[in-house]
Amino acid sequence: MGRYVMLGMPGAGKGTQSRKLSQEMEIPHISTGDMFREAVKSGSPLGIRAREIMTAGELVPDEIVLEIVKERLSRPDVSRGYILDGFPRTVSQARELDSFQAPDAVIYLALSQEEAARRLEGRRSCGKCGAQLNIYLQESAEDSCPKCGGELVRREDDTPETVRVRIETYIRQTKPLTEYYREKGLLREIDGARGIGSVFENIIRSVKK
Ligand code: AP5
Ligand code: MG
């Protein structure tokens, strides 16, 4: 049970930790980035617009994001809580969230820009089984998926130029949320540079406090 926001720069480990926390707590993992990537795949008008914005490293306009998040948070499985990954991303999105389903805690994964860029450079996912990998963690993931042998793909926005813009966008528009939530006493700062298991243990410890 609980309503959690996962905050951190691109590559900080939001998706990785959200998936673990979602399993542990049995509450839905809601990633706005994943929702937009699904829309891109479907080729819908929203997908066509989102793709352009995402590959430029910029943010989808607040009105569009809010519409899909409000719809998602109105579904019955959210009654036990949620893990929001990649939302809110602007102070105005955070204010909106407060007005309908305010979070209980905000998990902030702190990481340097250099390490974040390195992780994104090494990120791969399996086109067949969907496994999320990193060539710096699983060396065998250079060629094919170590789990099923499927072909590995890179995210379209993980090019060096787009990563640079995404990090800048984060610093300008999303980082101010750390102060927003600190002032409310909700921020739980976690050292995101540790190993995946150790980061997760620290998250569990901080939310149980
Ligand atoms: P989104 O999908 O949210 O991307 P992001 O914020 O840039 O973050 P990433 O998904 O790249 O990183 P992550 O923190 O999830 O790290 P991960 O766990 O994968 O958003 C994409 C785009 O959609 C945005 O740019 C924007 O255009 C749009 N958008 C989305 N939400 C929006 C919103 N609310 N408003 C407006 N626009 C929105 O880990 C990265 C890699 O590192 C992986 O390979 C992983 O295996 C590895 N790794 C993870 N943890 C560790 C560790 N502890 N040690 C070593 N390696 C690790
Ligand atoms: Mg992610």
Side-chain angles (χ1 to χ4, degrees), residues 5-22 29-40 46-47 49-70 72-73 83-94 96-97 107-126 130-139 141-142 146 152-159 162-175 177 190-203:
V5 165
M6 202 64 76
L7 188 64
M9 75 164 68
K14 300 183 297 295
T16 304
Q17 297 298 332
S18 295
R19 285 189 290 276
K20 290 171 77 70
L21 193 60
S22 166
H29 167 205
I30 301 172
S31 156
T32 42
D34 286 349
M35 287 158 102
F36 290 129
R37 279 182 288 277
E38 282 301 314
V40 170
L46 167 67
R49 175 124 188 253
R51 182 179 188 188
E52 204 176 303
I53 296 169
M54 289 163 88
T55 48
E58 282 155 16
L59 295 185
V60 174
D62 285 346
E63 328 70 88
I64 298 178
V65 185
L66 283 163
E67 196 182 312
I68 65 158
V69 170
K70 281 185 178 166
R72 181 63 188 86
L73 291 182
I83 299 161
L84 280 171
D85 160 9
F87 178 92
R89 243 178 159 95
T90 60
V91 170
S92 88
Q93 290 180 13
E96 283 285 334
L97 180 63
I107 298 157
Y108 167 50
L109 301 174
L111 193 69
S112 70
Q113 292 183 42
E114 295 71 27
E115 177 59 14
R118 194 181 93 99
R119 286 185 188 175
L120 294 178
E121 195 260 315
R123 173 162 60 186
R124 302 287 184 277
S125 69
C126 175
Q132 301 286 323
L133 307 155
N134 198 291
I135 59 168
Y136 297 117
L137 295 175
Q138 294 102 349
E139 281 175 26
E142 286 262 22
L152 295 175
V153 286
R154 296 189 64 167
R155 236 167 74 175
E156 221 176 340
D157 59 348
D158 277 349
T159 62
T162 303
V163 165
R164 192 183 59 74
V165 180
R166 282 162 62 200
I167 292 176
E168 276 173 17
T169 303
Y170 166 82
I171 292 169
R172 208 174 54 245
Q173 303 200 59
T174 309
K175 185 89 199 300
L177 287 180
I190 306 284
D191 177 6
R194 294 170 185 260
I196 292 174
S198 155
V199 171
F200 186 60
E201 278 168 27
N202 289 335
I203 290 175

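Order of appearance sets the numbers: ligands from 1, and atoms from 1 within every ligand.
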Under 4.0 Å from a heavy atom of [X]: which atoms of ligand 1 are those, numbered in the order shown and with their elements?
X: Q93; result: 33 (C), 34 (N), 35 (N), 36 (C)
X: K14; result: 5 (P), 6 (O), 8 (O), 12 (O), 13 (P), 14 (O), 15 (O), 16 (O), 18 (O)
X: L120; result: 11 (O)
X: T16; result: 17 (P), 18 (O), 39 (O), 45 (C), 49 (C)
X: G86; result: 31 (N), 32 (C), 33 (C), 34 (N)
X: G195; result: 53 (N)
X: F87; result: 34 (N)
X: G15; result: 13 (P), 15 (O), 18 (O)

Tell me, which protein residue and heavy-atom name are nearest [atom], and how many Å apart are they?
atom: atom 27 (O) of ligand 1; value: E58 O, 2.6 Å
atom: atom 11 (O) of ligand 1; value: R166 NH2, 2.6 Å
atom: atom 16 (O) of ligand 1; value: G13 N, 3.2 Å
atom: atom 12 (O) of ligand 1; value: G11 N, 2.9 Å
atom: atom 54 (N) of ligand 1; value: R119 NH2, 3.3 Å
atom: atom 6 (O) of ligand 1; value: R89 NH2, 2.6 Å
atom: atom 4 (O) of ligand 1; value: R155 NH2, 3.2 Å
atom: atom 41 (C) of ligand 1; value: N134 ND2, 3.6 Å

Ligand 1-proximal atoms of [X], by part, heavy-atom distance under 4.0 Å:
X: R37; answer: side chain
X: I196; answer: both
X: Q132; answer: neither
X: D34; answer: neither
X: Q17; answer: neither
X: L137; answer: side chain

Take atom [atom1] of [X] as the centre, draw a 6.0 Å sphere, and report whether it contains more than 12 heavy atoms from other residues, nucleotides or ligands.
X: K70; atom1: NZ; answer: yes
X: R19; atom1: CZ; answer: yes
X: R194; atom1: CZ; answer: no
X: E52; atom1: CD; answer: no
X: R51; atom1: CZ; answer: no

E156 and R37 ion-paired at < 4.0 Å: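 R37 and E156: not salt-bridged.
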Pairing of E121 and R118 as salt bridge, 4.0 angstrom limit: no
Expected output: side-chain [X] to main-chain [Y] donor-acceptor under 3.5 Å:
X: R72; Y: I30; value: no
X: K14; Y: D85; value: no
X: Q17; Y: I196; value: yes
X: E115; Y: L111; value: no
X: N134; Y: R119; value: yes
X: T169; Y: E58; value: no
X: T90; Y: Q173; value: no

Ligand 1 N/O within reach of V199 N/O, cut-off under 3.5 Å: no
Backbone or side-chain N or O of M54 under 3.5 Å from ligand 1 N or O: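 For ligand 1, there is no N or O atom that lies under 3.5 Å from one belonging to M54.
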contact_flag R194 ligand 1 heavy-atom lt 4.0 Å: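 R194: in contact with ligand 1 (<4.0 Å).
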contact_flag T169 ligand 1 heavy-atom lt 4.0 Å: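 The answer is no, since T169 has no heavy atom less than 4.0 Å from ligand 1.
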Side chain to side chain contact (heavy atoms under 4.5 Å, CB included) assessment of T16 paired with F200: CA-CA 9 Å; T16 304; F200 186 60; over 6 Å; no
